[in-house]
Amino acid sequence: MRKLEGLDEESLEKLEAIRTPGVREFVLRYLSLCQPESVFVCTGTEEDQEFIRREALASGEERALATPGHTLHFDGYYDQGRDRDKTKFLLAEPSPHLPSLPREEGLAEIHELLRGSMRGHRMYVLFFVLGPRGFRYQIPCVQLTDSSYVAHTESLLYRHAYDLFKRRRFPWFFRFVHSQGELEGGVSKNVEKKRIYIDLEGETVFSVNTQYGGNSIGLKKLAMRLAIRRGHAEGWLTEHMFIMGVHGPGERVTYFAGAFPSMCGKTSTCMLEGETIVGDDIAILWRERGRVRAVNTEKGIFGILDGINSADDPVLWRVLHRPCEMIFSNVLLTEDGGVYWNGMDGDPPSRGTNYAGEWFPGKRGPDGHPVPPSHKNARFAVSLENVENADPLWDDPAGVEVGGIIFGGRDSDTWAPVEEAFDWVHGVVTKGASLESETTAATLGREGVRELNPMANLDFLSIPLGEYLARYLEFGKGLSSPPKIFSVNYFLRDERGEFLTTKKDKAVWLKWMELRVHGNVGALEAPTGLLPRYEDLRDLFGRVLGRRYGRSQYLRQFSVRIPQHLSKLERVEAFYRKIPGVPTLFFEVLEAQRRRLEEARKKWGDLLSPQHLPVREA
Ligand code: SPV
Ligand code: MN
């Protein structure tokens, strides 16, 4: 192999030992284009990981905190979330239904931006698989990045696989090229030249002039988009879902996969006290012997900090205070080397340093907007090895059997706190595909705007939505035991705008769903699905939370808001009428739901009390 500048003997040897075809060519191509000063090929050994940890500190991309193992990273002021506007699929024929650009044009543009982009930086070459090592659909990945922070975070979140690349001849692998580009004050300088381009045909993602994890960590949402397309071709699903074990009566553990848009309670659900976590963000689901199984593509958590406190999230709180390898991002650095995030225990300090520089109350950013102590999308990264409630099967290549699938959004006025769909098709249509949520700070742009977010996967869909839905409907066919589908809503409010549930209540909804999966409790037949009976919830509130649960509270939470449901149906239908390829079955299910709601309205008026609903026995 031709020796290239920046590539030392050791790295060259490490690359030459790889049997998987195409790896060396890929690395050399971007080495010569991006022109880093040096290269580090990570074999995943403890020694190599330690090198990356040290470099992250030495380069200033991270700084050490007072707690041993904890470090802190800042992204730029304008680089605090996934950037929808700058993220595009490159398609030979751009689609009006996917954010896309003509492939050749996009490739030319991004290669021009990458030219010389790593000057003065080191390029890290990292090898991973998505999913547990040895998992039947494990996805081999190669990441090139000039950020030690990205390399470090990926070491916490993904399974190293240099040895597998060396031993095996993978016929294909996902490719990621990331460059922070020119830096100023440690952050990407050319924000207006930020680009995240996903080349589906070449299964390669390019990302430049950005550092924020969701834009730069190739194996997270960037890989997810590639995996959705590959799974679509091969018959499995890649979903924006946690996987957790809910602990039922006796020793019973029932696994649930749950899709929530960002910042809607996904991580705090799977980190509930008494339950166990397999993964908090991305799941692969497949069918095996009439059942659905799932694995976590990751091995760590890149979670939201905002609002986490010891009372609401005791498990997370303990994890966050544990001396272990953990990377905080975009929180407030306090004078004693600690961190503060909005909503944590205790009062905010009166000064510190954050993503906008020196911070003090009343601080305004370069755009004149008030700057809170920590960014709402501030996050932490930690490996599941350091999470006390990791499920014993979290790294099992056989995955776990999925008993239930949960869809949850930020919905102030329509969905009940918890409800079960009548069956797979009804659940896919009226829960998953009808998931609406108010936008949050996880993506750049306005917050609080209601949008339809099918399966919480809107931002990541790399195939036309109509085809995705058709596949989802198919997926449930012929299963001897399809997962039950549920919706949850942690954000329902009353007419005065007050939340009708507390953060703790989700523990009860989960236990109820667990009982439903096994047919241990009955339910009430509403026009929109199956609702819990008061008596079952009363018992669970007592048992799980030690709390009295009044009937009037139940009635406020679970009365069916018919006009709201009808307008939602209208919005959903109008949206999907414009989408090509949506199966007619989809509209039939919506229509049937509309008829049930209208009949109920004629009989009972706008607010349908659960007292009028027929019981479906267990
Ligand atoms: C999300 O926003 O859904 C996340 C974090 O999980 S990100 O890496 O930005 O996608
Ligand atoms: Mn996510």
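Numbers here simply count residues along the sequence, with the first being 1. Start at 1 and go down the list; that is how both ligands and their atoms are numbered.
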J.: Short list, please: which atoms of ligand 1 are under 4.0 Å from a heavy atom of His240?
T.: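 Reading through ligand 1 atom by atom, the close ones are 3 (O).
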
J.: Thr87 vs Arg225, test: side chain to side chain donor-acceptor pair (under 3.5 Å). Steps then yes/no.
T.: CA-CA 11 Å; Thr87 305; Arg225 292 169 171 97; 5.0 Å; no

J.: Is it true that Ser155 and His160 share a donor-acceptor pair across their side chains at a distance under 3.5 Å?
T.: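 Side-chain D/A pair, His160 to Ser155: present.
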
J.: Of all the atoms in ligand 1, which lie at a distance below 4.0 Å from a heavy atom belonging to Arg379?
T.: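 Heavy-atom distances to Arg379 below 4.0 Å select 1 (C), 2 (O), 4 (C), 5 (C), 6 (O).
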
J.: I need the atoms of ligand 1 closer than 4.0 Å to a non-hydrogen atom of Tyr212, numbered in the order shown.
T.: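 Counting atoms of ligand 1 from 1, those under 4.0 Å from Tyr212 are 5 (C), 7 (S), 9 (O).
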
J.: What protein heavy atom is closest to atom 3 (O) of ligand 1, reported as residue, atom name and distance in Å?
T.: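 Ranking protein heavy atoms by distance from atom 3 (O) of ligand 1, first comes Ser262 OG, 2.5 Å.
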
J.: Check whether any side-chain N or O of Ser216 sits under 3.5 Å from a backbone N or O of Thr210 as a donor-acceptor pair, and report yes or no.
T.: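 Side chain of Ser216 to backbone of Thr210: no pair is present.
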
J.: Is the shortest side-chain N to carboxylate O distance from Arg318 to Glu273 below 4.0 Å?
T.: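 Result for this pair is yes, salt bridge flagged.
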
J.: Please give me the minimum heavy-atom distance between Tyr355 and Asp75, naming the atom from each residue.
T.: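 Smallest heavy-atom distance, with atoms named: CB-O, 3.7 Å.
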
J.: Can a salt bridge be assigned to the pair Arg84 and Asp459 using a cut-off of 4.0 Å between side-chain N and carboxylate O?
T.: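 Salt bridge flag = yes for Asp459 with Arg84.
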
J.: If you round to 10 degrees, what value do you get for the angle at the Mn ion (ligand 2) between Lys221 atom NZ and His240 atom NE2?
T.: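 Result: 100°, to 10°.
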
J.: May I ask you to list the atoms of ligand 1 that are less than 4.0 angstrom from any heavy atom of Asp281?
T.: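 Those qualifying, in numeric order: 6 (O).
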
J.: What atom name does the N, O or S atom of Asp281 nearest to the Mn ion (ligand 2) carry?
T.: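 Of the nitrogen, oxygen and sulfur atoms in Asp281, the Mn ion (ligand 2) lies nearest to OD1.
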
J.: Could a heavy atom of Lys266 be found less than 4.0 Å from some atom of ligand 1?
T.: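 No, that is not the case, since the closest heavy atom of the residue is not under 4.0 Å from the ligand.
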
J.: Just checking, Arg159 and Phe128: is the charged tip under 6.0 Å from the six-membered ring centre and within 45° of the axis?
T.: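 Not satisfied by the 6.0 Å and 45° rule.
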
J.: Just verifying a value: how many Å separate Phe40 CZ and Met123 CE, rounded to the nearest 0.5 Å?
T.: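 Going from CZ on Phe40 over to CE on Met123, the span is 12.5 Å.
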
J.: Would you mind running through ligand 1 and noting each atom that sits below 4.0 Å from a heavy atom of Gly214?
T.: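 It comes down to these atoms of ligand 1: 7 (S), 8 (O), 9 (O).
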
J.: Quick one: look at Met263 and ligand 1, take heavy-atom pairs under 4.0 Å, and tell me if it's side chain, backbone, both or neither.
T.: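 Answer for Met263: neither.
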
J.: May I ask you to identify the nearest protein heavy atom to atom 4 (C) of ligand 1, giving residue, atom name and distance to one decimal place in Å?
T.: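 Of the protein heavy atoms, Lys221 NZ, 3.1 Å lies nearest.
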
J.: I need the atoms of ligand 1 closer than 4.0 Å to a non-hydrogen atom of Lys220, numbered in the order shown.
T.: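 Checking each atom against Lys220, I get 6 (O), 8 (O).
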
